Number of protein chains: 2
Amino acid sequence: MAVDRAQAHAVVGERLRAAGQLYTSGRRELVELLLDIGRPATMADVLGQRPSLVQSSVYRNMADLERTGIVRRVAGSDELIRVELAEEIIGHHHHLVCTQCGTVDDFTVPEAAERALRDALQAIAREGSFVPEDHRLDVLGRCTPCSRERTIK
Amino acid sequence: MAVDRAQAHAVVGERLRAAGQLYTSGRRELVELLLDIGRPATMADVLGQRPSLVQSSVYRNMADLERTGIVRRVAGSDELIRVELAEEIIGHHHHLVCTQCGTVDDFTVPEAAERALRDALQAIAREGSFVPEDHRLDVLGRCTPCSRERTIK
DNA sequence: CTCAGTGCAAAGGATTTGCATGCCG
DNA sequence: CGGCATGCAAATCCTTTGCACTGAG
């Protein structure tokens with residue numbers, strides 16, 4: 001997924017402004033970092049790679065960006081908060097979740113499979129009083145590094 | 001999904017024994033409770049509904065049951081640990097995750113849709129060095145109670 | 001008698017909040 | 001100016017761990 005950074009920033013700035021918030025340098029840096037990382041990042045990832053950023057501000061800004069629909073939370077196999085840019089910005093995709101180290105990576109499926117999935121979900125959206133907004137299809141397993149390690153204990 | 005409790009307990013007891021562990025009353029109570037609740041439960045749910053149980057023991061027993069494959073973790077929209085009995089016991093299903101209150105509920109899709117999904121996943125499993133073990137298809141949205149509340153702020 | 005399991009209390013780690021200050025519009 | 005954003009530190013919340021004790025095989 002090739003992402004036009006300038007455009008990404010434009011979208012983000014616009015959204016924030018629409019919500020009465022500012023696109024400050026701290027927020028810009030978060031968006032920049034997420035674009036760089038190219039996969040769901042934990043807060044530790046973010047803080048580790050941008051030591052200049054302050055923990056509480058990062059948490060608060062992520063929450064703001066999430067509320068504004070710029071960032072979304074991603075569920076891993078542990079209980080750490082992971083975030084990535086909205087699909088509107090980085091494109092539709094799914095996640096490979098390592099059950100051992102917790103790392104989450106992106107992947108896409110062929111359009112045909114994607115269509116089948118869409119159909120399946122359509123079937124779901126029916127009956128209930130539950131109001132569907134989104135969905136997630138994750139594949140759990142061992143990432144490349146972890147699958148190399150010998151069977152643990 | 002109708003579950004035969006006696007049989008469920010039999011399966012659990014057997015598995016634990018095979019792992020050199022005991023099916024104690026505390027563990028039995030957890031399994032019983034999970035059967036009652038009928039959906040992924042947080043630790044708070046468990047502790048709230050069984051005040052006699054001790055926090056640390058519940059956490060430890062859940063971890064043991066998870067290691068033994070009797071219980072599995074479920075990802076919600078928050079960072080709370082949620083658990084449910086393995087599909088081997090309660091049957092294959094997917095999850096409705098409320099993005100507002102965090103509640104997770106079970107649902108199943110028609111067999112045709114299930115097949116389509118299976119095919120889609122098959123297409124995924126090929127390419128990578130990632131070793132797939134399991135997958136999850138969740139629908140995110142607003143649960144019935146939350147969808148009734150007026151638009152928040 | 002031995003080892004797994006339990007209770008209780010304390011520790012740990014991640015995330016959130018309070019408050020004073022700085023900065024953009 | 002007025003309000004949103006930031007830093008720093010302290011507070012919270014959930015989860016994990018240490019240790020002594022109990023119980024089943």
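Note that this is a predicted model, so its numbers are computed, not measured.
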Rounded to whole angstroms, how far apart are CZ on R50(B) and P on dT6(C)?
15 Å
Between dC8(C) (C1') and Y59(B) (OH): distance, integer Å:
16 Å
Thinking salt bridges, do R72(B) and E88(B) make one under a 4.0 Å N-O criterion?
no
Let me know the distance between CE of M62(A) and C1' of dT6(D), rounded to the nearest Å.
16 Å
Kindly say if N61(B) contacts the phosphate of dG5(C), meaning a side-chain N or O under 4.0 Å from OP1 or OP2.
no
Nearest to the R27(A) side chain among dT16(C), dT6(D), dC8(C), which nucleotide is it?
dT6(D)
Please compare A44(B) and G20(A) by the position of their nearest nucleotide in DNA chain D and report the one closer to 5'.
G20(A)
Rounded to the nearest Å, what distance is computed from the CG atom of residue L80(B) to the P atom of nucleotide dA14(C)?
16 Å
Could you give the distance from CG (L34(B)) to CD1 (I89(B)), rounded to the nearest 0.5 Å?
9.5 Å
Could you tell me how far apart D64(A) (CG) and dT17(C) (P) are, to the nearest whole angstrom?
12 Å
To the nearest Å, how far apart are R17(B) CZ and dG5(C) C1'?
16 Å
Under the 6.0 Å and 45° cation-pi test, does R28(B) pair with Y23(B)?
yes
Nearest to the S56(A) side chain among dA9(C), dT17(C), dA14(C), which nucleotide is it?
dT17(C)
Rounded to whole Å, how long is the line connecting atom CZ of R28(B) with atom P of dA24(D)?
13 Å
Considering only heavy side-chain atoms of R60(A), the closest of dT16(D), dG7(C), dG18(C) is dG18(C)
Output yes when at least one side-chain N/O atom of S57(B) is less than 4.0 Å from OP1 or OP2 of dG7(C), else no.
yes
Nearest to side-chain heavy atoms of Q55(A), which nucleotide of dT15(C), dG7(C), dA9(D):
dT15(C)
Indicate if L33(A) and V11(A) have the same hydrophobic cluster label, given that clusters are the connected sets of ILVMFWY residues with side-chain heavy-atom separations under 4.5 angstrom.
no
Taking the side chain of L22(A) as its heavy atoms from C-beta onward, which of dT16(C), dC8(C), dA5(D) lies nearest to it?
dA5(D)
Atom pair distance, as rounded to whole Å: CD in E66(A) and C1' in dT15(C):
13 Å
Quick one: are V139(A) and H94(A) in side-chain contact, heavy atoms under 4.5 Å?
no
Can you tell me if the side-chain N/O atoms of T24(A) get under 4.0 Å from OP1 or OP2 in dC4(D)?
no
